[in-house]
Amino acid sequence: MSSEFPINFLIDRKTADTVVSPPFLLLGSNHRDCTLTFTSEGTTSTGNIIVEESDLPSYTGTWSQLHSQAASGFTGNAKLAVHIQIGAGMWVRARINTTIGGGGTATVTITNV
C-alpha cells in the first residue's frame, strides 16, 4: 500500500501574471488540512502567487485569500511547503498576481489528507 497522498497541480511551470489555475474541489464534510508546495525551476527573484478559495468555481468576483507567497521565498530550484486549513466543499485555485521574474518558473501543488 502506498503511503503517498495524491498531488494536484494548481500551477505548473508558469511565470505570467495572467495565469489562474482551474479550481480544485476539496471534498468531505470537515475542514481539510492541506499542504501547498511551491517549487521553482531556476531563479524566481520577483513575483507573487496567491492561493484563494470560493464556494462556487464559477464565481467571477474576488475570491477569499488563503495564502500569499513571494516567488523569492522559493528561488533557486527550491521547494517551500506551507500548511493551511480549508473549509469543507470549498474550491481552491492559485493565481500568479505579479509576474514571476528572474528567468525561472513556478509550480504550485496541493495535497490534502
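Since we're looking at a predicted model, the values are computed, not measured. Residue numbers run from 1 in the order of the sequence given.
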Problem set entry | Derivation of the side-chain contact (heavy atoms from CB on, under 4.5 Å) call for I110 and F24 | CA-CA 9 Å; I110 187 168; F24 171 74; 4.0 Å; yes
For this session: Calculate, to the nearest 0.5 Å, the distance between atoms CD and CZ belonging to E41 and R13 respectively.
Result: 5.5 Å
Exercise. To the nearest 0.5 Å, how far apart are CG in D12 and OG1 in T39?
Worked result: 9.5 Å
Problem set entry | Student check: side-chain heavy atoms of V20 and R93 closer than 4.5 Å | yes
For this session: Please examine the side chains of D55 and M90, heavy atoms only from C-beta on, and report whether any two atoms are closer than 4.5 Å.
Result: yes
Seminar exercise, completed: With V51 as partner, the option from I86, I11, L66 fulfilling side chain to side chain contact (heavy atoms under 4.5 Å, CB included) is L66
Spell out, as yes or no, whether a donor-acceptor pair under 3.5 Å connects the side chain of [X] to the backbone of [Y].
{"X": "T75", "Y": "T43", "result": "no"}
{"X": "S54", "Y": "L56", "result": "yes"}
{"X": "S21", "Y": "A94", "result": "yes"}
{"X": "S40", "Y": "N77", "result": "yes"}

Problem set entry | Nearest atoms (heavy-atom pairs only) where I96 meets T15 | CG2-O, 3.9 Å
For this session: Specify the closest pair of heavy atoms between G102 and S45, including all atoms of both residues, with the distance to one decimal.
Result: CA-OG, 3.5 Å
Problem set entry | Residues that F74 engages under ring-ring contact (aromatic ring centres under 6.0 Å, His included), provided they are two or more places apart | F38
Exercise. What residues form a salt bridge (Lys or Arg N to Asp or Glu O under 4.0 Å) with E53, not counting sequence neighbours?
Worked result: none
Problem set entry | S68: side chain to side chain donor-acceptor pair (under 3.5 Å) partners, not counting sequence neighbours | N48
For this session: Before giving the answer on side-chain contact (heavy atoms from CB on, under 4.5 Å), spell out for V108 and I49 the whole-Å C-alpha distance, their side-chain angles and the decisive distance to 0.1 Å.
Result: CA-CA 9 Å; V108 182; I49 299 171; 3.8 Å; yes
For this session: Applying side-chain contact (heavy atoms from CB on, under 4.5 Å), run through V82 and Q69 and close with a yes or a no.
Result: CA-CA 9 Å; V82 176; Q69 180 60 55; 4.3 Å; yes
For this session: For I84 and L36, run side-chain contact (heavy atoms from CB on, under 4.5 Å): C-alpha distance rounded to whole Å, both residues' side-chain angles, the deciding distance at 0.1 Å, then the answer.
Result: CA-CA 8 Å; I84 61 172; L36 297 168; 3.7 Å; yes
Exercise. Do the side chains of I50 and L80 join up, straight or via other hydrophobic residues, at under 4.5 Å, putting them in one cluster?
Worked result: no
Exercise. Are W63 and L25 in one and the same hydrophobic cluster, where Ile, Leu, Val, Met, Phe, Trp and Tyr link if side-chain heavy atoms are under 4.5 Å apart?
Worked result: yes
Exercise. Is there a side-chain hydrogen bond (donor to acceptor under 3.5 Å, both in side chains) between T37 and K79 once you walk through the steps?
Worked result: CA-CA 7 Å; T37 304; K79 285 190 177 285; over 6 Å; no
